[in-house]
Amino acid sequence: MTKVKTRFAPSPTGYMHIGNLRTALYAYLTAKSQGGDFILRIEDTDQDRKVEGAVQVIYDTLKIAGLKNDEGPDCGGSNGPYVQSERLPIYREYAQKLVDQGDAYYCFCTKERLAQLHEEQEDPNFKGRHGYDGHCRNLPKEEVDALLAAGTPYVIRQKVPQTGTTAYHDVVFGDVSVNNAELQDIVLIKADGFPTYNFAHVVDDHLMEVTHVTRGSEYVAQTPSYILIYRAFGWEHPTYIHLPLIMGKDAEGNVSKLSKRHGAVSFQDMMQDGYLPEAVINYIALLGWNPKTDEEMFTLAELEKRFTPEAINKSPAIFDYEKLLWFNGQYIRKLSPEEFYEKALPFIRQAVKNESYDCRKIAALLQQRLEKLTQIPGQLGFFDELPAYETDIHVNKKSKATLETAPVALAKSIETLETLEDWTNEKLYFALKEVADGLGFKANTVMWAVRIAATGTVVTPGGATDILEILGKEESLRRLKDGLSRF
RNA sequence: GGCCUCAUCGUCUAGCGGUUAGGACACGGCCCUUUCAAGGCCGCGGCAUGGGUUCGAGUCCCAUUGAGGUCACCA
């Protein structure tokens with residue numbers, strides 16, 4: 001049995017769309033779950049869409065996501081080069097072979113003619129087949145030679161049979177068959193000498209011994225064209241695994257292919273937005289695949305063991321940012337305190353400039369109540385400076401805190417805390433508890449008053465004593481006195 | 001428009017002829033609690049419609065409807 005080999009073949013656009021990443025993930029998992037190899041190939045055949053640094057983005061994304069490729073431009077391999085623009089002679093040779101055996105032909109139609117054709121077909125009164133009309137399909141050899149000799153620009157088109165049907169079996173979609181009459185004489189080699197995706201990927205997948213092609217379902221209907229190319233060469237085609245598309249839902253409830261209007265859609269954007277790569281991977285793995293059990297927390301390593309292409313489902317899935325957020329919160333909590341501290345520190349520093357505060361303690365408070373890293377700065381505003389606040393936030397029904405209890409609680413707390421030597425969370429808690437007992441208040445009533453005076457903020461990460469500890473004795477008492485003076 | 005494909009709670013999904021249609025997110029409530037979270041418990045909510053096949057259909061067949069994809073010298 002031949003070794004399973006899958007590939008991820010993105011074109012370097014400068015960013016990694018989340019749908020693309022998911023395709024890479026599934027290709028990777030298809031290979032790894034069967035002990036196979038995963039290769040990376042750069043499809044840069046569109047000269048007009050070249051983007052500086054775009055290939056690096058692909059390398060970086062795969063690295064951060066943990067999808068290590070066994071072959072590729074970055075790590076070599078025995079089937080290189082792995083960048084299509086470096087394989088031009090190969091495509092040319094194979095295209096010529098197709099022309100020679102009558103499965104492809106030179107087409108000299110100008111873009112103007114094609115545009116005009118397109119316009120005619122757009123007319124509602126137009127009946128008949130859309131697409132290329134086969135104008136150059138049967139040009140006499142002498143004419144072709146003459147045009148070639150004269151240096152006329154040309155493309156090479158596939159010559160598809162006009163009758164019969166072409167069918168294949170898809171791991172996800174089952175048997176798919178298309179009437180050849182529906183197929184176009186697609187362009188194989190463009191006028192600039194570069195191959196189209198349609199041609200290049202077939203040649204490469206064969207030469208690179210790819211056994212399973214994993215890609216988006218937008219290719220389902222076009223795959224018969226590719227099968228025909230394989231057949232023309234006498235090659236066996238790979239197994240196809242077409243993936244359901246990832247959709248997005250906009251504010252009006254309209255569903256369409258996931259795009260910028262739905263939120264952050266590139267992997268880089270998501271990282272910047274404070275998501276963890278592990279959470280993104282876990283979430284997108286479940287968009288179109290599931291283990292047939294109720295489990296849903298999976299590391300990449302676990303996915304490598306559990307994944308089966310057969311369990312991929314057919315219908316498009318809507319990307320749900322809410323659920324991703326939940327996954328992210330789960331992964332944040334799974335981090336060790338040290339790991340979390342490292343990730344959180346830059347965000348803490350955005351809000352907390354005062355270096356006397358212990359950021360490790362702040363991080364510890366944050367870790368249990370966070371969904372994404374970018375939420376950090378917004379929760380820490382009160383550390384550097386007590387925000388302006390109205391005394392009526394001292395009122396809280398559940399804590400039985402009122403404008404009357406607050407000054408009493410504060411006065412007594414200040415008095416008690418001034419003599420407190422050991423300024424730790426635990427000691428602070430006991431001290432304030434005693435204050436409450438002495439006053440005949442609920443502990444909550446005192447805690448509320450203290451926390452409000454210390455932070456001027458209704459919702460804070462951590463309770464009153466957590467924050468007092470971090471603020472330190474001097475600053476805490478200053479704030480508490482300030483709070484009391486407002487009554 | 002032609003062709004292809006898909007269809008279970010709002011969302012992601014399990015189900016593969018006989019189930020009180022299960023889980024997760026979100027939402028609501030309760031518990032816990034030093035605010036808010038986190039965590040625990042409970043709840044709300046679904047088989048697109050119409051025909052068949054069958055003793056019996058979410059599960060099989062057909063139609064309808066809806067949705068998506070594709071018809072580029074983009075991938």
Side-chain angles (χ1 to χ4, degrees), chain A residues 9-11 13 43-46 48-49 107 109 111 114 118 121-122 124 126-132 153-157 173-174 176-179 181-184 186-192 194-198 200-201 215-222 224 242 244-245 247 249 253 255-257 283 286-296 313-327 329 333 366-371 379 396 398-399 401 425 428-429 432-433 436 442-448 450-452 455 457-467:
Chain A
S11 51
T13 56
E43 308 217 323
D44 59 345
T45 57
D46 187 348
D48 297 334
R49 293 211 302 189
C107 170
C109 291
K111 293 210 172 163
L114 262 19
H118 183 70
Q121 294 172 350
E122 285 298 284
F126 177 86
K127 43 196 175 309
R129 221 166 81 101
H130 286 233
Y132 183 61
Y154 66 87
V155 302
I156 294 178
R157 282 182 188 275
F173 288 87
V176 179
S177 98
V178 170
N179 288 325
E182 299 295 333
L183 269 20
Q184 302 284 324
I186 54 176
V187 171
L188 268 23
I189 300 287
K190 300 184 265 193
D192 64 3
F194 279 71
T196 58
Y197 162 80
N198 299 134
H201 91 273
R215 59 169 43 143
S217 67
E218 63 264 35
Y219 293 104
V220 168
Q222 289 177 65
H242 284 109
L245 264 13
M247 315 297 284
K249 193 188 251 182
V255 174
S256 56
K257 213 166 155 179
Y283 176 64
L286 262 16
L287 270 187
W289 175 85
N290 78 84
K292 307 290 177 187
T293 67
D294 288 343
E295 304 156 275
E296 54 180 6
N313 41 258
K314 308 185 225 299
S315 39
I318 295 173
F319 193 93
D320 184 358
Y321 288 91
E322 292 282 358
K323 185 135 188 186
L324 204 215
L325 208 52
W326 176 80
F327 267 110
R333 256 154 264 131
L366 254 10
Q367 188 171 8
Q368 297 311 313
R369 65 200 88 217
L370 216 56
E371 286 177 304
Q379 300 186 18
N396 181 262
K398 209 178 121 206
S399 299
N425 187 13
L428 283 161
Y429 183 77
L432 291 182
K433 187 86 167 62
K442 281 181 63 174
N444 282 13
T445 311
V446 175
M447 295 300 175
W448 186 274
V450 170
R451 195 174 57 83
I452 292 299
T455 65
T457 307
V458 178
V459 175
T460 58
T465 60
D466 292 310
I467 290 164

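Naming: A, B, ... by sequence-line order, numbering from 1 per chain. None of these values were measured; they are calculated from a predicted model.
The nucleotide whose nearest atom lies closest to any side-chain atom of A/S315 is, among B/U35, B/A7, B/U5, B/A7. Nearest to the side chain of A/K323, among B/A24, B/U35, B/C6, sits B/A24. Each of B/G10, B/U34, B/C4 was ranked by its minimum atom distance to the side chain of A/K249; first place goes to B/G10. Distance from the side chain of A/V220 is smallest for B/C4 among the nucleotides B/C4, B/C6, B/C12. Across B/U35, B/G68, B/U13, the shortest atom-to-atom separation from the side chain of A/L245 is found for B/G68.
Taking atom C1' on both nucleotides, B/C55 is separated from B/A48 by 27 Å, rounded to a whole Å. Here the separation of B/U53 from B/C44, taken at their P atoms, is 37 Å to the nearest Å. One P atom belongs to B/A38, the other to B/C25, and the distance between them is 10 Å to the nearest Å. The gap from the C1' atom of B/A63 to that of B/A7 amounts to 15 Å, rounded to the nearest Å. Across B/U49 and B/U13, the matching C1' atoms stand 23 Å from one another, rounded to whole Å. Rounded to a whole angstrom, the distance from the P atom of B/G68 to that of B/C61 is 24 Å. Across B/C31 and B/G15, the matching P atoms stand 38 Å from one another, rounded to whole Å. Spacing of C1' atoms, B/U19 relative to B/C71, comes out at 44 Å, to the nearest Å.
As a whole-Å value, the separation of A/E322 CD from B/U11 P is 14 Å. Between the OH atom of A/Y283 and the P atom of B/U13 there is a distance of 8 Å, rounded to whole Å. Computed from coordinates, the A/E296 CD to B/A24 C1' distance equals 4 Å when rounded to whole Å. Spacing between atom CG of A/N179 and atom P of B/C4 amounts to 7 Å, rounded to whole angstrom units. Atom C1' of nucleotide B/A24 and atom CH2 of A/W289 are separated by 14 Å, given to the nearest angstrom. Summarising the geometry, the separation between CD1 on A/I318 and P on B/C9 is reported as 11 Å, rounded to the nearest angstrom. With rounding to whole Å, A/L324 atom CG is found 14 Å from B/A26 atom C1'. Whole-Å rounding puts the A/L432 CG to B/U33 C1' distance at 16 Å.
Ring orientation note: the planes of A/Y283 and A/F327 are tilted relative to one another, at an angle of 30° to 60°.
Salt bridge present: A/D46 and A/R49 bring a charged side-chain N and a carboxylate O closer than 4.0 Å.
Under the Watson-Crick or G-U wobble criterion, with both distances below 3.5 Å, B/U54 is left unpaired in every strand shown. Under the Watson-Crick and G-U wobble criteria, each requiring two contacts below 3.5 Å, nucleotide B/G1 is paired to B/C71. Across every strand in view, B/A26 sits unpaired, with no contact that passes the Watson-Crick or G-U test at under 3.5 angstrom. The partner of B/A63, taking Watson-Crick or G-U wobble pairs whose two distances both stay under 3.5 Å, is B/U49. With a cut-off of 3.5 Å on both pairing distances, B/A14 has no Watson-Crick or G-U wobble partner at all.
Between A/D320 and A/K249 there is no side-chain heavy-atom pair separated by less than 4.5 Å. Between A/K398 and A/N444, every side-chain heavy-atom pair lies at or beyond the 4.5 Å cut-off. Here the side chains of A/T45 and A/K190 are in contact, with some heavy-atom distance below 4.5 Å. Considering only heavy atoms from C-beta on, A/L188 comes within 4.5 Å of A/I186 through its side chain. With a 4.5 Å cut-off on side-chain heavy atoms, A/Y132 and A/C107 count as touching. By the 4.5 Å heavy-atom criterion applied to side chains, A/V450 and A/I467 are not counted as neighbours.
A donor N or O paired with an acceptor N or O is not found under 3.5 Å between the base of B/U34 and the side-chain atoms of A/R451. At a cut-off of 3.5 angstrom, counting only N and O atoms as typed in the model, there is no donor on one side facing an acceptor on the other between the side-chain of A/S217 and the base of B/U5.
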Per-nt protein contacts along nucleotides 70-75 of chain B (heavy atom under 4.0 Å; B base, S backbone sugar-phosphate only, - none) come out as SS-BSB

Report, as a single string ordered 5' to 3', how protein heavy atoms within less than 4.0 Å touch nucleotides 38-49 of chain B: B base, S sugar-phosphate only, - not at all.
SS----------

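Each of A/P244 and A/A443 has a nearest nucleotide on RNA chain B; the 5'-most of these lies closest to A/P244. Between A/M247 and A/V176, the residue anchored nearer the 5' end of RNA chain B, judged by the nucleotide with its closest heavy atom, is A/V176.
Atom CG of A/D466 sits about 10.5 Å away from atom CZ of A/R451, to the nearest 0.5 Å.
Heavy atoms of A/G462 sit under 4.0 angstrom from at least one base atom. Heavy atoms of A/V446 sit nowhere under 4.0 angstrom from any nucleic acid atom.
In terms of modelled atom types and a separation under 3.5 Å, the side chain of A/R215 and the main chain of A/V220 share no donor-acceptor contact. Checking side-chain atoms of A/D192 against main-chain N and O of A/F194 turns up a donor-acceptor pair under 3.5 Å. A side-chain donor-acceptor contact under 3.5 Å links A/T445 to the backbone of A/S399.
At B/A14, one or more side-chain N or O atoms of A/N290 fall inside 4.0 Å of OP1 or OP2 (strictly under the cut-off). The phosphate of B/U13 (OP1 or OP2) has a side-chain N or O of A/N313 nearer than 4.0 angstrom. Phosphate proximity of B/U33 to A/K398: absent, as no side-chain N or O sits under 4.0 Å from OP1 or OP2.
The environment of A/K433 atom NZ is sparse: at most 12 non-hydrogen atoms of other residues, nucleotides or ligands sit within 6.0 angstrom.
Residue ring and nucleobase are stacked for A/Y429 and B/U34, with a centre distance beneath 5.5 angstrom and an angle between planes beneath 30°.
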